[in-house]
Student: 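Mind having a look at this structure? Questions to follow.
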Amino acid sequence: MVVPEPNALNSSLLYRSLGNRYPVATRAEGVYIWDAQGKRYLDFSGSAAVNLIGHGVPEVLDAVAEQAGKLEFVHSSQFTTEVAEQFAEELLKFAGSSFYGGRVFFTCGGSESVETALKLARQYQVEIGRPERFRTISRTQSYHGATLGALAASGNQRRRQIYLPMVKDPEAFGHISLPYCYRCAYGCDGSGCCAVQYANELERAIEESRGTVAAFIAEPVSGATLGAAVPPQGYWQRVRQICLENEVLLIADEVMTGCGRTGRNFAMEHWGISPDILVLAKGLSSGYMPLGAVIASKQVVNALEEGSGHFAHGFTYNAHPLAVAAGRAVLQQTHPMQLVSAANSDLPHSVANTLALELARLRACNSVGDVRGIGLLRGVEFVSDKQTKAPFAAEMNFSGKVAEASAGRGVLVYPMQGCVDGTAGDHLLIAPPAVIKKDQIAPACAALKESIVEVESEIKGNSR
Ligand SMILES: Cc1ncc(COP(=O)(O)O)c(C=O)c1O
């Protein structure tokens, strides 16, 4: 096969960054991806916190091929399929006892799942006789997807700024702030004393909107936007209580944190919380096929069953047989491959524990202000001054430069900006597949450290 030379200027693809030269990926196996030049990259961010099972797992590839050989597609308004029925049943079991009697709606990814969850919450309120409830509350530093509804719920300034005129409806979407321990707005000393203060912002927002709030949506651990910022103990418990007291549905957006990534089947389990609606994608199929899901609790399902009997929503590719076959095979391998325990950083011998220890060494770098996270979802935040925690100027693109330098060394990480105020603030997301080996972690962290030092000295040189 002739692989074209990557050339930003003559590509017919509309790239994310039009001037970029992207390497051409040709194959992947385990934790590695190879490009057309034969260069090998360690997938230290699981692409974008997508892949937990590793690349090229034969059981998953075979399941998709087998399904394709039998039935590639039917429309969900005309048929159901054996593979979707079985996977939904297995996924409900994986979600635990609080979802017994619930049901699963399969989509093609995170944004579709978020749209589905927001509409399901709204319809729930209508079905139980509360048509005045239509508002969604979410959090300022959050990302829920690229479609306009999901973007309206998102707080990520960089990703939503220019689309705001299209999505801005102050009536429908409200935002509260969220725990960000490294830069606590309540001046907390790290003891978690701010947990209730942050949670009570939700109570105030619900009060102010005078009975119009249908749902609260949030990521259990802030993913891309803040870089694995873990909330203090007590936050989620208080949020759950507020939602129950006000009969507002709690939607957990576990697109990034779900399906084992944090060392639990779902991240909310760390706090003993069961949401009313669970939103999944990414790790659900580990990227083998485009797949997302919304799991609705029994209470939500009952409201529809006993009400109109219809969910007024759908996509052509709901429960696509090839995608659900991939997801089902991934879930079937999750237990035998011990993916969730590998991602459990509380277990001293897990790879997640090793990752946490190795990444902590990056604190020695002048520009590393914080290293945080849980399980196999980790963040590194850069600052220009450790004392004041001042960020680098956004134009410097510090995290982007580190990611580029690291890719040059064959280690892929996920750079983001905006953690401080929506624009400034550089961080990286590290989220490798759970099949990474301990002896692959230290060299990857060493390469990352070298990359950070390289960018630090480049910036120092430029400022002379
Ligand atoms: C928490 C969260 N929700 C939703 C999405 C959107 O998912 P997708 O890109 O699959 O549409 C993302 C993507 O990064 C995410 O991290």
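Atoms within each ligand, like the ligands themselves, are counted from 1 in listed order.
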Student: What protein heavy atom is closest to atom 2 (C) of ligand 1, reported as residue, atom name and distance in Å?
Tutor: Y143 O, 3.3 Å
Student: F99 ring centre to K298 NZ or CZ under 6.0 Å, with the angle to the axis within 45°?
Tutor: no
Student: So which heavy atom in the protein is nearest atom 7 (O) of ligand 1, and how far is it from that ligand atom?
Tutor: G110 CA, 3.2 Å
Student: Evaluate the ring planes of F315 and H313, with Trp represented by its six-membered ring, and classify them as parallel (under 30°), tilted (30 to 60°) or perpendicular (over 60°).
Tutor: perpendicular
Student: Working to the nearest 0.5 Å, report the span between OG of S341 and CG of D346.
Tutor: 12.0 Å
Student: Does any donor atom in the side chain of Q299 or Y124 lie under 3.5 Å from an acceptor atom in the other side chain?
Tutor: yes
Student: Do me a favour and list the nearest non-hydrogen protein atom to atom 3 (N) of ligand 1 with residue, atom name and distance?
Tutor: D253 OD2, 2.7 Å
Student: When you measure from atom 15 (C) of ligand 1 to every protein heavy atom, which one gives the shortest distance, and what is it?
Tutor: V255 CG1, 3.7 Å
Student: What is the closest protein heavy atom to atom 14 (O) of ligand 1, and at what distance does it sit?
Tutor: K282 NZ, 3.0 Å
Student: Does the Lys NZ or Arg CZ of R135 fall within the cation-pi geometry relative to F173 - under 6.0 Å from the ring centre and within 45° of the axis?
Tutor: no
Student: In the structure I gave you, are the side-chain heavy atoms of P232 and C181 within less than 4.5 Å of one another anywhere?
Tutor: yes
Student: Taking the minimum heavy-atom distance to atom 6 (C) of ligand 1, which of A153, A48, G109, G145 ranks first?
Tutor: G145
Student: Under 4.0 Å from any heavy atom of E219, which atoms of ligand 1 are there?
Tutor: 1 (C)
Student: Pairing donors with acceptors under 3.5 angstrom, does anything connect the side chains of Y235 and Q197?
Tutor: no
Student: At what distance is the nearest protein heavy atom to atom 9 (O) of ligand 1, and which residue and atom is it?
Tutor: S111 OG, 4.3 Å
Student: Test of understanding: given a 4.0 Å heavy-atom threshold, classify the contact between H144 and ligand 1 as side chain, backbone, both, or neither.
Tutor: backbone
